[in-house]
K.L.:
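This structure is in structure tokens; I'll ask about it shortly.
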Amino acid sequence: MAGCRKPFKRLWISSLEDSAIMEGFQNLNDGSYYDNLYKSVLCRERVDWLVGMNMTRFFSTLYNSIKPLSMGRVQTPTLSMIADRDNEILSFARKKFYTIQINCDSFTAESKRIEDLQAAQETAKRCSLTHAVVKDVKSEVKRTSPPQLYDLTSLQRDANRLYGFTAQQTLDSVQNLYDNKLATYPRTDSRFLTEDMEEIAGKVIGVIKTTFGFAKSAESEPNIKAIMDSSKVSDHHAVIPTANIRYADIDSLRDTDRKILYLISERLLTATAYKYEYENTSVTLDCNGTLFSVSGKTVISKGYKAIEENFCDFIKAKGFDNNEVSEKTVSHLPIINKGDSFAVTSKIAEHYTAPPKPYTEDTLLAAMERVGNAAYDNDDV
């Protein structure tokens, strides 16, 4: 604004630890390095004026409202998403459908969906007090990678799911932890650390292991390389605790702050843990021309899930995974071979189609991250 063109350097840090501040001063970048960040902020500022300021005035005047009808570049499309979901729920017409279940003594298999009751009754009758033959058995070892570190949105989602915190409560708490030098900068969209932070991450993991009881199942040799990727860090790296937690009086923290500190500490441990490994077995049976299926899962190595389980016991929460387990999936199947025959009884199970679920803060935040993606999936756009 003043027309000054003198060169300057900028201090850019994601943690208020003394060591991080000193390192930041030793690695100052030229001010022009951050020009694109300035441009992105300027873009958001102008959209706030164009949409927020102008549309608020326009609609408030158009509808002669006593109070301003607030519009905004984020809040208005978000409100539209919520309204659309409510309309989908209100207009949803529930439909009944059926499946046939056959009891094979040590496990139960299920047919595909049947729309017509009479057809379901005929199938059930045909499969009652007879034999089912194993047509196919497929076993496959599967591995699930650990979750990534937290950015602000993923932290807010898990805090809502596990603690019932609002997005604002989570932001306030992690900001408070940052101000007290117990966590790194919270307003980030990255889920990785830069590759020069390996030593820092290792130090913090060591502190977490000696500070928190839920860390007892953490790996003795964490895979720190898995969370390092400078190319995926834009302005700030992922949210992690700082080594200052070693000296902090954790019990004196506000309840929300303490729970968020637990959460980001747990995530650093799980993100550097081993993969979850299990054997998945899928069985297809033929009973008088109708196919039935069942799948079973045998855990080979719990990996990062052992830490998650300890953590959920520690905070007395159900768990991170919101996915419902299929009725056709059992924790363990007996040894089954192709051609085996089982004496079976059958029954009809009634089901109803379910409407979309109302948004929670968790699912709304996820939807906000994906909003507009479908438009860009279209080749014509």
Side-chain angles (χ1 to χ4, degrees), residues 11-29 145-152 154-155 158-159 173-253 257-275 303-304 306-308 310-311 314-315:
L11 172 67
W12 193 264
I13 55 176
S14 293
S15 170
L16 293 178
E17 284 185 287
D18 291 349
S19 59
I21 295 171
M22 290 175 65
E23 184 179 348
F25 272 111
Q26 292 167 3
N27 295 280
L28 296 173
N29 285 317
S145 296
Q148 295 174 345
L149 295 174
Y150 283 128
D151 60 6
L152 177 58
S154 57
L155 175 59
D158 274 357
S173 289
V174 72
Q175 180 68 46
N176 200 40
L177 293 172
Y178 172 68
D179 292 340
N180 285 283
K181 304 182 181 182
L182 298 178
T184 58
Y185 188 73
R187 295 174 185 267
T188 176
D189 61 357
S190 175
R191 304 190 69 175
F192 290 88
L193 305 181
T194 53
E195 285 151 15
D196 59 351
M197 294 182 66
E198 184 172 355
E199 184 177 344
I200 294 173
K203 180 181 178 182
V204 174
I205 289 171
V207 173
I208 292 172
K209 288 180 179 179
T210 59
T211 304
F212 299 123
F214 57 79
K216 60 185 178 182
S217 59
E219 311 296 350
S220 56
E221 296 183 8
N223 181 18
I224 300 177
K225 294 287 187 184
I227 59 175
M228 303 287 163
D229 192 338
S230 297
S231 67
K232 294 181 180 178
V233 178
S234 52
D235 47 357
H236 294 280
H237 59 69
V239 183
I240 62 170
T242 69
N244 286 345
I245 60 174
R246 182 199 302 269
Y247 312 107
D249 183 0
I250 305 297
D251 292 335
S252 69
L253 295 175
D257 295 356
R258 185 170 60 254
K259 287 179 176 178
I260 293 299
L261 182 58
Y262 289 156
L263 197 51
I264 60 175
S265 299
E266 182 273 344
R267 180 48 60 93
L268 181 55
L269 296 181
T270 54
T272 55
Y274 298 132
K275 292 181 178 181
Y304 74 89
I307 303 172
E308 286 189 344
N310 282 339
F311 178 72
F314 180 78
I315 65 171

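Along the sequence shown, the residues carry numbers beginning at 1.
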K.L.:
Between Asp229 and Phe192 (side chain of the first, backbone of the second, donor and acceptor by atom type, cut-off under 3.5 Å), is there such a pair?
P.N.:
no
K.L.:
Among residues at least two apart in sequence or on other chains, which ones pass side chain to side chain donor-acceptor pair (under 3.5 Å) with Asn27?
P.N.:
none
K.L.:
Work out which heavy atom in Ile13 is nearest to a heavy atom in Ala20; give both atom names and the distance.
P.N.:
CG2-O, 3.7 Å
K.L.:
Using atom types as modelled and distance alone, determine if a side-chain donor or acceptor of Thr270 lies under 3.5 Å from a backbone N or O of Tyr304.
P.N.:
no
K.L.:
Would you say that Phe25 contacts Ile21 through its side chain, given a criterion of any heavy-atom pair below 4.5 Å between the two side chains?
P.N.:
yes
K.L.:
Quick one: closest heavy-atom pair of Leu149 and Ser154, and the distance?
P.N.:
O-OG, 4.3 Å
K.L.:
Considering non-hydrogen atoms only, spot the tightest contact between Leu193 and Val233 and give its length.
P.N.:
C-CG2, 4.0 Å
K.L.:
Can you measure from CD (Glu308) to CZ (Phe314) and round to the nearest 0.5 angstrom?
P.N.:
15.5 Å
K.L.:
I would like to know whether Phe212 and Ile250 meet side chain to side chain contact (heavy atoms under 4.5 Å, CB included); could you show each step before the answer?
P.N.:
CA-CA 10 Å; Phe212 299 123; Ile250 305 297; 4.2 Å; yes
K.L.:
Checking Arg246 side chain against Val207 main chain: does a donor-acceptor pair fall under 3.5 Å?
P.N.:
no
K.L.:
Answer yes if the side chains of His236 and Ser14 hold a donor-acceptor pair under 3.5 Å, and no otherwise.
P.N.:
yes
K.L.:
Applying salt bridge (Lys or Arg N to Asp or Glu O under 4.0 Å), name anything that partners Asp158, two or more places apart in sequence or on another chain.
P.N.:
Arg161, Arg267
K.L.:
Would you name the heavy atoms of Ala201 and Met228 that are closest together and state the gap between them?
P.N.:
CB-CE, 3.9 Å
K.L.:
Are Pro222 and Leu269 close enough that some pair of their side-chain heavy atoms sits under 4.5 Å apart?
P.N.:
no
K.L.:
Verify the ring-centre separation between Phe311 and Tyr262: is it less than 6.0 angstrom?
P.N.:
no
K.L.:
According to the salt bridge (charged side-chain N to carboxylate O under 4.0 Å, His left out) rule, which pairs have a member within residues 182-205, sequence neighbours left out?
P.N.:
Glu198-Lys225
K.L.:
So which heavy atom on Ala238 is nearest to which on Thr184, and how close?
P.N.:
O-OG1, 3.4 Å
K.L.:
Working to the nearest 0.5 Å, report the span between CG of Asn176 and CG of Leu182.
P.N.:
9.0 Å
K.L.:
State the CD-CD1 distance between Glu23 and Ile200, to the nearest 0.5 angstrom.
P.N.:
5.0 Å
K.L.:
Give me the one residue out of Thr188, Leu263, Asp151 that meets side-chain contact (heavy atoms from CB on, under 4.5 Å) with Val239.
P.N.:
Thr188
K.L.:
Hey, what do you get for CG (Asn223) to OH (Tyr274), rounding to the nearest 0.5 Å?
P.N.:
8.0 Å
K.L.:
Please report the closest heavy-atom contact between Pro146 and Lys275, naming both atoms and the distance.
P.N.:
CD-CG, 4.1 Å
K.L.:
Any chance you could measure Glu221, atom CD, to Thr272, atom OG1, to the nearest 0.5 Å?
P.N.:
12.0 Å
K.L.:
So, taking the atom named CD1 in Ile205 and the one named CG in Leu268, what distance separates them when rounded to the nearest 0.5 Å?
P.N.:
4.5 Å
K.L.:
Set out, in order, the CA-CA distance, both residues' side-chain angles and the distance that settles side chain to side chain contact (heavy atoms under 4.5 Å, CB included) for Glu17 and Asn244, then state yes or no.
P.N.:
CA-CA 8 Å; Glu17 284 185 287; Asn244 286 345; 3.6 Å; yes
K.L.:
Report yes or no: does Ser265 contribute a side-chain atom to a donor-acceptor pair with the main-chain N or O of Ile208 at less than 3.5 Å?
P.N.:
no
